Amino acid sequence: MASSLYFSAPFRTLPPSPSLPKSPRIPFQVSRLSHSLTHKSLAFSTGIRGVSGSGRFRLRAKASMAEKGKGKVEVFDSEDDLSVSLAKYTADLADKFSKLKGSFTVVLSGGSLIKSLRKLVEPPYVDAVDWSTWHVFWVDERVVPKDHDDSNYKLAFDGFLSKVPIPPGKVYAINDALPAEGAADDYETCLKHLVKSNVISVSAATGFPKFDLMLLGMGPDGHVASLFPGHPLVKENEKWVTFIKDSPKPPPERITFTFPVINSSANIALVVCGAGKAGPVHAALGSGQNSDPLPVQMVSPEGELVWFLDKDAASKL
Ligand SMILES: O=C1O[C@H](COP(=O)(O)O)[C@@H](O)[C@H](O)[C@H]1O
C-alpha cells in the first residue's frame, strides 16, 4: 500500500488490510517509479509501462525529476481508486501526527479535491479515525458568505465535515463578514494565535507555519490554492495569507495561503484528475523545462510531496 512507504507502524485502530479495499493503485511498475523518485542520488532515465483496466500507458521519468525533488507519483486506474488510496494516506498521517503530538493540522482546498475525499467519511475510516484531534484550515477561500455555492467552506462542510465529528471549534473558516483584505489579515492573525498556542507548528527552516498535511487540488491552468499563472501573488514571500481581487477564475475575490506557507508543510498531496489537467501535470513532472513555471511547479515542500493522479491526468507523462 502507498502508505507503507511512510510508516513502519500500522494504523492500529483499523481492521487488518485484507478487509480493506484492495489497493487500486496501478501496481508495481508505477510503485517502483514512485519509490525511485524519492531517492535524490538515483540517476535514471526510464520508460515504465503499466497496464490498467482500460489499456496500456507509459510513464517516463528522468534523473532530473529526482534531483529537483518533484515528489512521489502515484497513478490510479480511476478517480474512484485514487479516492480509496487518498483516504488511507490521510488517515495514516492523521494517526501518525495525533499519536506524536496529540493533534493533526490539515489544510483543504476547494474544487474537486473534496469529492476525492469521500472514502474518508465511509467505513472503516469514518469510525476508526480519531476526529477529535483534527484542526481544519483552508488553503484558499472565496470571499463569499459561508452558505454561498462558491464557498470552499460550504463545499467541504457538505461533502466532508458534516459527516465526521471534528469539534466545530477546530474548523477554521474565514470571517465572511470582512472584505478580501480584512479576511486575509484576520485569517493570518488566527494562524498566528494558533502558532503561539502550539496548535500549529513552525518550520525551523523558514519561520512560516508548518502544517501536518496540505491536500491541494490543481486547476486546468496549473493554479494551486488561489495562486494563478502569471499573477504577482505567486511571488509573495512575506505574508502568510494574502488576497486577490482579480482572480481569472470566478469568483474574483479570494484569500489564499502564500507559497512560503504551502512549501513549509510537512506533507503535501497534490490530487489531480482528468485529461483536462494532463498538460500542467506534464509541465510539472515531464522532462521538459519551462522558463516561467506554473504555480503547480512551485509546490516544493520541505517535507514529503505525493502526487495522486488518475490515468487521464497522467496521460501525457
Ligand atoms: O478555484 C479553485 O480551484 C482549484 C482547483 O479546482 P478543481 O475543481 O479544478 O480541482 C482548487 O484547488 C481551489 O481550492 C479552488 O479555490
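Both counts, for ligands and for their atoms, begin at 1 and track the order of listing. Computation of the quantities below employed the complete heavy-atom set of this structure, encompassing side-chain atoms and omitting hydrogens, waters and symmetry-equivalent molecules. Small disclaimer: the values here were computed from a predicted structure and weren't measured. Throughout, numbering of the chain's residues begins at 1 and tracks the sequence.
Considering all non-hydrogen atoms of both residues, T258 and K239 come closest at OG1-O, 2.7 Å. Between L108 and A156, the shortest heavy-atom distance links the atoms CD1-CB, 3.9 Å.
Of the candidates F243, W240, F211, F208, F211 is the only one forming a ring-ring contact (aromatic ring centres under 6.0 Å, His included) with F257.
With distances taken over non-hydrogen atoms, the option nearest atom 10 (O) of ligand 1 out of G111, S226, C273, S112 is S112.
Contact atoms of ligand 1 toward R254: 1 (O), 2 (C), 16 (O) (distance under 4.0 Å to a heavy atom of the residue). Of all atoms in ligand 1, listed by their number and element, those nearer than 4.0 Å to a heavy atom of N152 are 14 (O), 16 (O).
The aromatic rings of W134 and F104 sit perpendicular, their planes meeting at an angle over 60°, well past the 30° parallel limit. In this structure, H135 and F137 have parallel ring planes: the angle between them is below the 30° cut-off, well short of the 60° mark.
Nearest non-hydrogen protein atom to atom 4 (C) of ligand 1 is H223 NE2, 3.2 Å. Looking only at protein heavy atoms, the nearest one to atom 1 (O) of ligand 1 is R142 NH2, 2.9 Å. Residue, atom and distance of the protein heavy atom nearest to atom 9 (O) of ligand 1 are K277 NZ, 2.8 Å. Scanning all protein heavy atoms for the shortest distance to atom 15 (C) of ligand 1 gives D140 OD2, 3.5 Å. Looking only at heavy atoms of the protein, atom 6 (O) of ligand 1 is closest to K249 NZ, 3.5 Å.
Using a distance-only test at 3.5 Å, with no hydrogens or angles considered, a donor-acceptor pair links the side chain of N263 to the main chain of M298.
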